[in-house]
S.K.: 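Before I ask anything, here is the structure I am working with.
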Amino acid sequence: MGFFGKNEESAMAAAVEAANVEEKDQTVEKEHEGDKVVEMPKRKPFALWEVGGQSYKLKLKTPAIVELETKYKTNLMNIMGTGQGGMPALSVMLDVAQAAMKDWHHGITKSEVQTLFEKYVNEGGSQLSFYMSVYMEIFAVSGFFTVNMSNQMQEAMTEAKETL
């Protein structure tokens, strides 16, 4: 059993297959001086985390990804938390959030991100809602999934939120 009671391996395989089919259908071909140019669907420029009436932009850029992979000695896909272990540790999620925030919120510290999370929880958020609404969205906007997979993931997360 995987996250939210679904068989993780078959669900992921079905999502990948559907995304590949959907991606082929949604790609737009344009003629450009006799050559075919394939225009890929666009992804959101960044994720947003709303805390205390303020929006924080988040997106992992290549240097931040390399820094996190060096720190955790593994590919970030392995710490995403969608495998058998479920949700990753809060410390990992907040490290990823800090790395994703630092390009827009210069000098933000680990302690400040922890304080933001505490405020988020006091405003009614939870670790699970952070995982679903913020953490996984960081990976989606940072290019870990195709645009179509990101869209499907967003739909699944919306359904899961409604269930909770």
S.K.: Of all residues at least two apart in sequence or in a different chain, which pass the salt bridge (charged side-chain N to carboxylate O under 4.0 Å, His left out) check with Glu67?
M.R.: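 In terms of salt bridge (charged side-chain N to carboxylate O under 4.0 Å, His left out), with neighbours along the sequence ignored, Glu67 is linked to Lys102.
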S.K.: Please walk me through it: do Val92 and Tyr135 pass side chain to side chain contact (heavy atoms under 4.5 Å, CB included)?
M.R.: CA-CA 10 Å; Val92 171; Tyr135 183 75; 4.0 Å; yes
S.K.: Rounded to the nearest 0.5 Å, what separates atom CG in Leu116 from atom CD in Glu50?
M.R.: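 The distance works out to 12.0 Å.
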S.K.: Between the main-chain N or O of Gly52 and the side-chain N or O of Glu123, is there a donor-acceptor pair closer than 3.5 Å?
M.R.: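 Checked: pair present.
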S.K.: For the CE atom of Met87 and the CD atom of Gln127, what is their distance to the nearest 0.5 Å?
M.R.: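 Those atoms lie 4.5 Å apart.
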S.K.: Taking the side chain as every heavy atom from C-beta outward, state whether Ser55 and Leu48 have any atom pair closer than 4.5 Å.
M.R.: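 Yes, their side chains come closer than 4.5 Å.
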S.K.: When rounded to the nearest 0.5 angstrom, what is the spacing between OG1 in Thr115 and CD1 in Ile108?
M.R.: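 The distance works out to 9.0 Å.
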S.K.: Of all heavy-atom pairs between Val141 and Ala47, which one has the smallest distance, and what is that distance?
M.R.: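 It is CG2-N, 3.6 Å.
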S.K.: Just to verify, what does Thr74 make a side chain to side chain donor-acceptor pair (under 3.5 Å) with, not counting sequence neighbours?
M.R.: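 In terms of side chain to side chain donor-acceptor pair (under 3.5 Å), with neighbours along the sequence ignored, Thr74 is linked to Asn78.
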S.K.: Hey, could you give me the CE/CZ distance between Met80 and Phe139, rounded to the nearest 0.5 Å?
M.R.: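 It is 4.5 Å, given to the nearest 0.5 Å.
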S.K.: Using side-chain contact (heavy atoms from CB on, under 4.5 Å) as the criterion, list what pairs up with Val66, not counting sequence neighbours.
M.R.: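 Counting only residues at least two positions away or on another chain, Val66 forms a side-chain contact (heavy atoms from CB on, under 4.5 Å) with Thr62, Thr70.
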S.K.: As an exercise, state the distance from CG of Leu128 to OG of Ser133, rounded to the nearest 0.5 Å.
M.R.: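 One gets 8.5 Å once the value is rounded to the nearest 0.5 Å.
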S.K.: Which atoms form the tightest heavy-atom contact between Leu58 and Ala97, and what is the distance?
M.R.: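 Minimum heavy-atom contact is CD2-O, 3.7 Å.
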S.K.: Looking at CZ of Phe46 and NZ of Lys59, how far apart are the two atoms once the value is rounded to the nearest 0.5 Å?
M.R.: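 Phe46 CZ to Lys59 NZ: 9.5 Å, rounded to 0.5 Å.
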S.K.: Would you check, one step at a time, whether the test side chain to side chain contact (heavy atoms under 4.5 Å, CB included) holds for Trp49 with Glu137?
M.R.: CA-CA 10 Å; Trp49 183 22; Glu137 186 69 16; over 6 Å; no
S.K.: Would you check if the side chain of Ser129 reaches a backbone N or O of Gly125 as a donor-acceptor pair within less than 3.5 Å?
M.R.: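 Checked: no pair found.
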S.K.: Side-chain contact, heavy-atom cut-off 4.5 Å: Ile79 with Leu68?
M.R.: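 Ile79 does not reach Leu68 side chain to side chain.
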S.K.: Would you name the heavy atoms of Ala99 and Ala64 that are closest together and state the gap between them?
M.R.: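 Closest approach of Ala99 to Ala64, heavy atoms only: O-CB, 3.9 Å.
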S.K.: What about the rings of Phe117 and Phe130, do their centers lie closer together than 6.0 Å?
M.R.: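 Yes, ring centres under 6.0 Å apart.
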S.K.: Once salt bridge (charged side-chain N to carboxylate O under 4.0 Å, His left out) is applied, do any residues pair with Lys71, and if so which ones, sequence neighbours excluded?
M.R.: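 Lys71 satisfies salt bridge (charged side-chain N to carboxylate O under 4.0 Å, His left out) with Asp95 once adjacent residues are dropped.
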S.K.: For Tyr56, is there any backbone N or O sitting under 3.5 Å from a side-chain donor or acceptor partner on His105?
M.R.: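 Between the backbone of Tyr56 and the side chain of His105 there is no qualifying donor-acceptor contact (under 3.5 Å).
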S.K.: Test Leu76 against Ile65 for side chain to side chain contact (heavy atoms under 4.5 Å, CB included), laying out the working first.
M.R.: CA-CA 7 Å; Leu76 289 188; Ile65 293 168; 3.9 Å; yes
S.K.: Residues in side chain to side chain donor-acceptor pair (under 3.5 Å) with Glu112, at least two apart?
M.R.: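 Here the qualifying residues are Thr109.
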S.K.: What's the shortest heavy-atom distance between Glu69 and Asn75, and which atoms?
M.R.: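 Here Glu69 and Asn75 meet closest at OE2-CA, 3.7 Å.
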S.K.: Applying side-chain contact (heavy atoms from CB on, under 4.5 Å), can you list everything that pairs with Lys61, at least two apart in sequence or on another chain?
M.R.: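 So Lys61 forms a side-chain contact (heavy atoms from CB on, under 4.5 Å) with Pro63, Asp103, Trp104.
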S.K.: Return the minimal non-hydrogen interatomic distance between Pro88 and Tyr131, and the atom names on each side.
M.R.: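 Minimum heavy-atom contact is CD-CE1, 3.6 Å.
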